[in-house]
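Counting convention: from 1, in listed order, for ligands and their atoms alike. Source: prediction; values computed, not measured.
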Amino acid sequence: MTNTLSLEDRFQQRIDNEEKIEAKDWMPDGYRKTLIRQISQHAHSEIVGMLPEGNWITRAPSLKRKLALLAKVQDEAGHGLYLYSAAETLGAGRDELLHQLHTGKAKYSSIFNYPTLTWADIGAVGWLVDGAAIMNQVALCRASYGPYARAMVRICKEESFHQRQGYDILLTMMKGTDAQKKMVQDAVNRWWWPSLMMFGPSDIDSPNSAESMKWKIKRLSNDELRQRFVDMSVPQAEILGVTFPDPELKYNEVTGHYQFGVIDWEEFWRVVNGNGPCNEERLAARVQAHEEGAWVRDAALAYAEKQKQRNSSQVA
Ligand SMILES: [Fe+2]
Ligand SMILES: [Fe+2]
């Protein structure tokens, strides 16, 4: 019976059977395109995400904090590399992907267009931003595309370290002076809503979602993931001793979930479309880093070429 099925049907059957799709397998164009877009946006987010935190490496309050932050920022570079590599298995060129990022054609997570104003922001970013990322990414460990799913497994392990280091910064500050406690509350006030926006538009305004669910690239909808994040974060905020800036946030006995206020979608789209507080600065810093890194790429290529020649002369 199977051979009477179209390529497309057979592909869907494999997905429905929870088989992983691998780089050389047949796949519909739409599946490939969707994955390239999603994986490259994800890769861009990892490397742009290094910028707001890299900003605080030189000003970390102790050697221990500096080491942890340095390790975290390096992890994000690694995540970017795994993900660019995963996108390359689908036939996307890394130069082209980076070109799209540098010319503003490609998107990255909007959250990184907000500034990190105080040391407490580094804690809030680790706790909330990495926390929201984990919520998204744990579901992606089961994505149907093998190279993406496998990259996610390792990324998620590292993300949970990031989240803990953030939460630990805030816990420490909450045991400190009134000024430090105020700083924590202020950072949480500024990062809460943008963190909720990280899950993307509401399901009703998310046109690509149905297809991604059918292809099992996505396992849970934006709104489901956002709700899980809220449910997870509220008890953590209580332990910390901070509040979220949402008067409508309260536990609903009937649903068993925390209900929350309306997200400012106008702000979301404004930042997505390039007009957030730091969009220009982030893009400029990224382009500069790429240009200043040209000699490293040249040197690596020259070295690889030399190795290749040496190996082939040994064979001969
Ligand atoms: Fe990451
Ligand atoms: Fe992270």
Side-chain angles (χ1 to χ4, degrees), residues 35 37-57 60 64-88 94 97-98 101 106-116 119-143 145 147-171 187-188 190-192 194-200 217-218 225-226 228-229 232-233 236 278 282 285-286 289:
L35 275 170
R37 195 190 58 232
Q38 181 173 331
I39 298 174
S40 61
Q41 277 180 11
H42 194 161
H44 300 330
S45 304
E46 299 285 353
I47 58 169
V48 176
M50 296 165 75
L51 298 169
E53 292 182 285
N55 190 30
W56 279 89
I57 291 172
K64 188 183 117 186
R65 295 292 186 205
K66 193 194 284 272
L67 280 171
L69 183 58
L70 202 54
K72 178 192 193 278
V73 173
Q74 279 180 334
D75 283 352
E76 306 301 6
H79 299 172
L81 290 180
Y82 310 152
L83 290 164
Y84 284 123
S85 301
E88 282 175 314
R94 192 177 302 200
L97 297 179
L98 286 173
L101 172 65
K107 301 268 182 260
Y108 54 86
S109 181
S110 267
I111 193 86
F112 302 118
N113 292 314
Y114 291 85
T116 42
W119 176 249
D121 285 45
I122 299 305
V125 168
W127 174 36
L128 298 173
V129 177
D130 287 275
I134 294 171
M135 198 51 85
N136 258 318
Q137 291 171 2
V138 164
L140 291 172
C141 293
R142 288 162 56 234
Y145 187 57
Y148 190 30
R150 289 189 291 272
M152 274 309 145
V153 173
R154 179 159 175 188
I155 290 178
C156 281
K157 287 187 182 147
E158 294 177 348
E159 294 299 356
S160 50
F161 155 71
H162 300 171
Q163 194 193 20
R164 278 176 212 183
Q165 70 88 37
Y167 196 67
D168 189 65
I169 288 173
L170 299 181
L171 269 179
V188 170
R190 285 180 290 104
W191 288 95
W192 175 246
S195 301
L196 294 190
M197 293 175 197
M198 281 177 72
F199 296 93
I217 296 173
K218 257 180 118 145
L225 288 164
R226 190 168 9 246
R228 285 185 180 202
F229 176 70
M232 179 189 81
S233 301
Q236 293 175 348
C278 301
R282 298 290 182 244
R286 186 82 269 303

Check: Q236 main-chain N/O paired with Y167 side-chain donor or acceptor under 3.5 Å
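At least one qualifying donor-acceptor pair exists.
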
_Expected output: side-chain R94 to main-chain Y84 donor-acceptor under 3.5 Å_ =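 No: the side chain of R94 does not pair with the backbone of Y84.
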
Nearest 0.5 Å, what's the CG-CE distance between N55 and M50?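 Here the interatomic distance stands at 13.0 Å.
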
query: Which heavy atom of T116 sits nearest a heavy atom of W56, and at what distance?
result: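 Heavy atoms of T116 and W56 come nearest at O-NE1, 3.0 Å.
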
Can you name the closest pair of heavy atoms from Y114 and M197 and give their distance?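 Reported closest heavy-atom pair: OH-SD, 4.4 Å.
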
So does E46 have any N/O/S atom less than 2.8 Å away from the Fe ion (ligand 2)?
->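 No - counting backbone and side chain alike, E46 has no N, O or S atom under 2.8 Å.
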
Mind checking whether the Fe ion (ligand 2) has an N, O or S of H79 under 2.8 Å?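 It does not; every qualifying atom lies at 2.8 Å or beyond.
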
Legend entry - E159 atom (N/O/S) at minimal separation from the Fe ion (ligand 1):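 Atom name of the closest N, O or S in E159: OE2.
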
Could you tell me which N, O or S atom of E76 is nearest to the Fe ion (ligand 1)?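 In E76, the heteroatom (N, O or S) nearest the Fe ion (ligand 1) is OE1.
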
* In D130, the N, O or S atom nearest to the Fe ion (ligand 2) is which? ->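 When I compare the N, O and S atoms of D130, OD1 is nearest to the Fe ion (ligand 2).
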
When you measure from the Fe ion (ligand 2) to each N, O or S atom of H162, which atom gives the shortest distance?
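Considering only N, O and S atoms, H162 comes nearest to the Fe ion (ligand 2) through ND1.
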
